[in-house]
2 protein chains.
Amino acid sequence: MPDSYPAPARFPVTVDVVALTILGGALHVLLITRLLEPFRGTLALPGGFVLAAEDLVAAARRELAEETGVEQVPGHLEQLGSYGPAGRDPRGDVLTVAHLLMAPNFPVLAAGSDAEHAAWYPVGNVMDGSLELAFDHRQILDDAVERAKSKLEYSPLGAAFCGEEFTIAQLRAVYEAVWGTRLDPRNFHRKATGTPGFLEDTGQMFMGDAGRPAALFRLAPAARASAGQPTRAVLNPPLMRPHG
Amino acid sequence: MPDSYPAPARFPVTVDVVALTILGGALHVLLITRLLEPFRGTLALPGGFVLAAEDLVAAARRELAEETGVEQVPGHLEQLGSYGPAGRDPRGDVLTVAHLLMAPNFPVLAAGSDAEHAAWYPVGNVMDGSLELAFDHRQILDDAVERAKSKLEYSPLGAAFCGEEFTIAQLRAVYEAVWGTRLDPRNFHRKATGTPGFLEDTGQMFMGDAGRPAALFRLAPAARASAGQPTRAVLNPPLMRPHG
DNA sequence: TTACTTATTGTCAATGTGACGATAAGTATC
DNA sequence: GATACTTATCGTCACATTGACAATAAGTAA
């Protein structure tokens, strides 16, 4: 009975953001260095308290903007899941609602001030243990990466890691970085260009450092519209990661 | 900065549960009739406040047990997502963490007391508008059903709607009820029995009202173990719902 | 025994995928 | 300019999976 007599417990609620991007062909995550206890000096996910009368995703977006100094953070932001409130913060019970941002690389505010500053770190360095994260952020990052891997399979959100326009090879690099596998360029090209409603040819070309120029694509309107949908409206059948 | 000076807002946190089951070939959801304002007399999802030092899923399980009178609620329970805290309860900002239970049919405590009593309602009656739900529970139910549909595709959790042992036809009835489509019995049989690590033949037979007796299966150990995993370790390639 | 029902096994064509050859179209080098 | 090198794009082929559907198995009811 939600309306019972003893006053219900109230919890501070935070939003944390796992912001992922591709840098140099490797998956990177946005982390801040904590300046205060607990976990002072340790890396942590950006985030902060939810204000009253604030939507969760909006709170995540606001915190991200505050901690990166970037007004309009690009990319696709969605809720990942909630953690706690018990036993995750030594100061007390705090519930956190984790979010996932899949974004093209964007520059974060230069470090050097006394504020907690954000920077991109290779996800692999967290996974292999060479980087420690505060609180239960390691677990949250794990879940976020798994979610991202899964999203690529059945949604067009791989393109969220690219800019507005991109080549097939750039899109493939996203898949390779997130999944941590190599994909056959020819088969990937076939699937990407052969899926109706996924990509739209811009008619322009992109010159890389070497090799034949590549055609530039953007997301087709149908794929753009399905961004929020949980259903795999576009990538059907899905583009499955190799299961080895 | 999560540790800044003004005391952070604190919110009451509830867990709500979308408990789904199959009854008479149709998807049903467990609902309670509210006895108190707001939404007095309206149907709502079972749920209640999270106690301090309590895990979210544990809280959901506890509330479910309290409101159904069932000690050990069967089935698979997982977190669905969080809603709020702004603008969902007229009494103030309440954050709710919704959960999804996929369970075989279990009897709920008989009605008649003055306590809020739970009962199974056809999901279709909510979808078509003949049943109204309190708060934003209609939205939560929508999300839960979509999640369940999706889960059937790439996880062995369809079996969570069945008992310990079940026939292929019973499992197929689950898929048909959740997806709201008819499936070819022969093709479903082939996929279910032909997927390594999914089902295990018990060697026993099940006599229905009519027709040839069916073999009884249970989940294979591999499928049982993958219950919590987000990855489609078992149903690979997935068993996709018809997209028409 | 016949009719009827559901379970289970096959068959076949269409589709999608993995592996990989061949060609196109740039840049750098001789 | 010719050649080497790089990446993009198009094709081919065998194989796996699926959707549609025939055929058979094994019960119950009449």
Side-chain angles (χ1 to χ4, degrees), chain A residues 24-25 152-154 162 165-177 179 181-218 232 234-244, chain B residues 24-25 152-154 162 165-177 179 181-218 232 234-244:
Chain A
L152 293 198
E153 293 189 325
Y154 58 87
C162 302
E165 303 185 342
F166 48 87
T167 69
I168 302 292
Q170 288 165 351
L171 184 61
R172 177 166 49 85
V174 167
Y175 278 78
E176 293 182 332
W179 285 348
T181 50
R182 259 26 204 28
L183 298 175
D184 185 290
R186 296 159 291 189
N187 292 339
F188 185 87
H189 188 280
R190 176 181 58 192
K191 177 73 174 176
T193 58
T195 299
F198 185 19
L199 298 182
E200 193 176 63
D201 197 329
T202 64
Q204 299 183 88
M205 293 303 232
F206 175 83
M207 313 290 192
D209 291 343
R212 173 176 169 177
L216 272 174
F217 292 84
R218 69 169 74 88
R232 71 284 167 272
V234 172
L235 274 175
N236 202 351
L239 175 50
M240 305 282 279
R241 61 189 122 164
H243 65 302
Chain B
L152 293 198
E153 294 190 325
Y154 58 87
C162 304
E165 303 184 343
F166 47 88
T167 68
I168 302 293
Q170 287 165 352
L171 184 61
R172 176 166 48 86
V174 168
Y175 278 77
E176 292 181 333
W179 286 349
T181 50
R182 256 32 203 20
L183 297 175
D184 185 288
R186 297 159 292 188
N187 292 338
F188 185 86
H189 188 280
R190 176 181 58 193
K191 177 72 174 177
T193 58
T195 299
F198 185 18
L199 299 182
E200 194 175 62
D201 197 330
T202 65
Q204 300 183 88
M205 291 304 232
F206 174 85
M207 312 291 192
D209 291 342
R212 172 176 170 178
L216 273 173
F217 291 83
R218 70 170 72 89
R232 73 283 167 272
V234 171
L235 274 176
N236 201 349
L239 176 48
M240 304 282 278
R241 61 189 119 163
H243 66 300

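Note on naming: letters A, B, ... go to the chains in the order of the sequence lines (proteins, then strands), and numbering restarts at 1 for each one.
Atom CE in B:M240 sits roughly 12 Å away from atom P in C:dG16 (whole-Å rounding). The CG-C1' distance, from A:L183 to C:dA19, rounds to 14 Å in whole Å. If you measure from atom CG of B:N236 to atom P of C:dG18, you get 11 Å, rounded to the nearest angstrom. If you measure from atom CG of A:L235 to atom C1' of C:dG16, you get 14 Å, rounded to the nearest angstrom. Rounded to whole angstrom, the span from the CZ atom of B:F217 across to the C1' atom of C:dA7 amounts to 10 Å. Computed from coordinates, the B:L199 CG to C:dT8 P distance equals 11 Å when rounded to whole Å. Regarding A:F206, its CZ atom lies at a distance of 12 Å from the P atom of D:dT9, rounded to whole Å. In this structure, B:L216 atom CG and C:dA7 atom C1' are separated by 13 Å, rounded to whole Å.
If you check distances only, the side chain of A:R190 never reaches the base of C:dG16 with a donor-acceptor pair under 3.5 Å.
Here the straight-line distance linking atom CG of A:L239 with atom CH2 of A:W179 works out to 4.0 Å at 0.5 Å rounding. Note that CG of A:D184 is 11.0 Å distant from CZ of A:R182, once rounded to the nearest 0.5 Å. The structure places CG of B:L171 at 11.0 Å from NE2 of B:H189, a figure rounded to the nearest 0.5 Å. From A:L183, atom CG reaches atom CZ of A:R241 across 12.0 Å, with rounding to the nearest 0.5 Å.
Taking the side chain as every heavy atom from C-beta outward, B:Y154 and A:E153 never approach each other to under 4.5 Å. Using a 4.5 Å heavy-atom cutoff, the side chains of A:R218 and A:C162 are not in contact. At least one side-chain heavy atom of B:L199 sits less than 4.5 Å from a side-chain heavy atom of B:I168. The side-chain heavy atoms of A:V174 and A:F166, taken from C-beta on, include no pair separated by under 4.5 Å.
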- [ ] Heavy atoms under 4.0 Å is the rule here; annotate nucleotides 20-30 of chain C 5' to 3' with B where the base is hit, S where only the sugar-phosphate is, and - elsewhere.
- [x] BB--BBS----
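OP1 and OP2 of D:dT17 both lie 4.0 Å or more from every side-chain N or O belonging to B:K191. Between B:H189 and C:dT8, a side-chain N or O to OP1/OP2 separation shorter than 4.0 Å is present.
Remark: A:A169, A:R172 in residues 168-177 of chain A come within less than 4.0 Å of DNA chain D through at least one heavy atom.
At distances below 3.5 Å, not a single donor-acceptor pair connects side-chain atoms of B:T195 with backbone N or O atoms of B:L235.
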